[in-house]
Amino acid sequence: MTKQSHDHNFKNLFLDFPKETLEWFFPLFLHFEYVFFKLFDFNARDYYNINNPVAKILLPKMNYKKDERIEVIRYAYSGLFQLASRMLFDKYVDFIDVYAQITEQEQKSLYHEIIQHKETAMLAQYIREKGMQQGMQ
């Protein structure tokens, strides 16, 4: 995983998710000060079971072994799908793709992983339906 820092406009995160969701990352801080921390200093595996959609979106920017990459991205997708409304999932799933710098081959591999796990069956169905909708347009 490359270790580079990115500045992003998180304005929409503050509007779309409840304050409690963001306090998990910014405990005493929601008066909008600049805070610098390196996401790649956090181990992605430690956040698999955290019920926080912002944590799921940021999983690909955290530290993980190269052979865990597809697993990390799958946890990011499935976690966001479980924790956010469909509208917010559609809005923020692209963040995961951008943060992970996912390739077309990895997308295919991820889709096959998602359809093989029973805990991601609803996500697989949603992806199929979205694909059919986009194909009709």
Side-chain angles (χ1 to χ4, degrees):
M1 173 172 182
T2 60
K3 294 188 181 214
Q4 54 187 349
S5 178
H6 295 278
D7 288 332
H8 292 284
N9 183 348
F10 284 106
K11 175 184 68 166
N12 287 333
L13 285 174
F14 293 110
L15 298 174
D16 289 336
F17 292 104
K19 180 180 174 185
E20 296 78 29
T21 301
L22 299 170
E23 285 177 340
W24 182 82
F25 269 105
F26 311 110
L28 299 172
F29 155 74
L30 274 180
H31 58 279
F32 299 97
E33 289 182 15
Y34 180 78
V35 173
F36 179 79
F37 65 96
K38 298 176 186 175
L39 285 171
F40 41 80
D41 287 345
F42 295 84
N43 289 314
R45 187 173 282 284
D46 295 341
Y47 295 87
Y48 284 178
N49 296 316
I50 299 294
N51 290 327
N52 185 309
V54 176
K56 300 306 181 184
I57 292 167
L58 295 174
L59 277 175
K61 297 303 295 175
M62 295 180 187
N63 187 36
Y64 54 86
K65 296 177 187 167
K66 188 175 182 174
D67 64 339
E68 296 176 326
R69 179 172 167 73
I70 297 298
E71 177 183 287
V72 167
I73 299 168
R74 181 172 50 86
Y75 270 95
Y77 283 153
S78 62
L80 181 61
F81 185 78
Q82 291 169 3
L83 297 169
S85 69
R86 297 304 160 254
M87 181 187 75
L88 292 178
F89 176 81
D90 289 343
K91 185 174 183 177
Y92 288 104
V93 71
D94 290 338
F95 279 74
I96 295 170
D97 292 342
V98 169
Y99 292 162
Q101 298 177 339
I102 191 164
T103 66
E104 193 173 319
Q105 181 60 36
E106 287 174 321
Q107 282 180 328
K108 290 176 185 176
S109 178
L110 271 165
Y111 177 71
H112 291 294
E113 280 243 352
I114 288 169
I115 62 175
Q116 291 176 7
H117 289 86
K118 66 180 181 179
E119 66 270 7
T120 54
M122 289 180 65
L123 175 57
Q125 179 64 30
Y126 185 74
I127 291 170
R128 278 193 289 273
E129 290 172 5
K130 286 299 264 187
M132 289 190 316
Q133 287 174 359
Q134 289 176 355
M136 290 182 203
Q137 293 177 356

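Along the sequence shown, the residues carry numbers beginning at 1.
Side-chain contact between Q107 and D97 is present, with at least one heavy-atom pair separated by less than 4.5 Å. By the 4.5 Å heavy-atom criterion applied to side chains, R45 and K65 are not counted as neighbours. The shortest side-chain heavy-atom distance between D90 and Y126 falls under the 4.5 Å cut-off.
Here OH of Y64 is found 9.5 Å from OH of Y48. Values are rounded to the nearest 0.5 Å. From F81, atom CZ reaches atom CG of L88 across 13.0 Å, with rounding to the nearest 0.5 Å. Taken to the nearest 0.5 Å, the CD1 atom of I73 stands 12.0 Å off from the OG atom of S78. Here the straight-line distance linking atom CD1 of I115 with atom CG of L123 works out to 11.0 Å at 0.5 Å rounding. Interatomic distance, OH of Y47 versus CG of L59, reported as 9.5 Å (0.5 Å rounding). In this structure, CZ on F40 lies 8.0 Å from NZ on K61, to the nearest 0.5 angstrom.
Taking a 6.0 Å sphere around CG of D67, one finds it holds more than 12 heavy atoms contributed by other residues, nucleotides or ligands.
Between the K56 side chain and the N51 main chain, no donor and acceptor come within less than 3.5 Å of each other. The closest donor-acceptor contact from the side chain of N43 to the backbone of D46 lies at 3.5 Å or more, if one exists at all.
Taking the six-membered ring for Trp and thresholds of 30 and 60 degrees, Y92 and F95 have ring planes inclined between 30 and 60 degrees apart.
Across all their heavy atoms, P53 and L80 have their closest contact at CB-CD1, 4.0 Å. Shortest non-hydrogen contact noted between L39 and L58 is CD1-CD2, 3.8 Å.
Residues satisfying the side chain to side chain donor-acceptor pair (under 3.5 Å) criterion with R74, sequence neighbours excluded, are E113.
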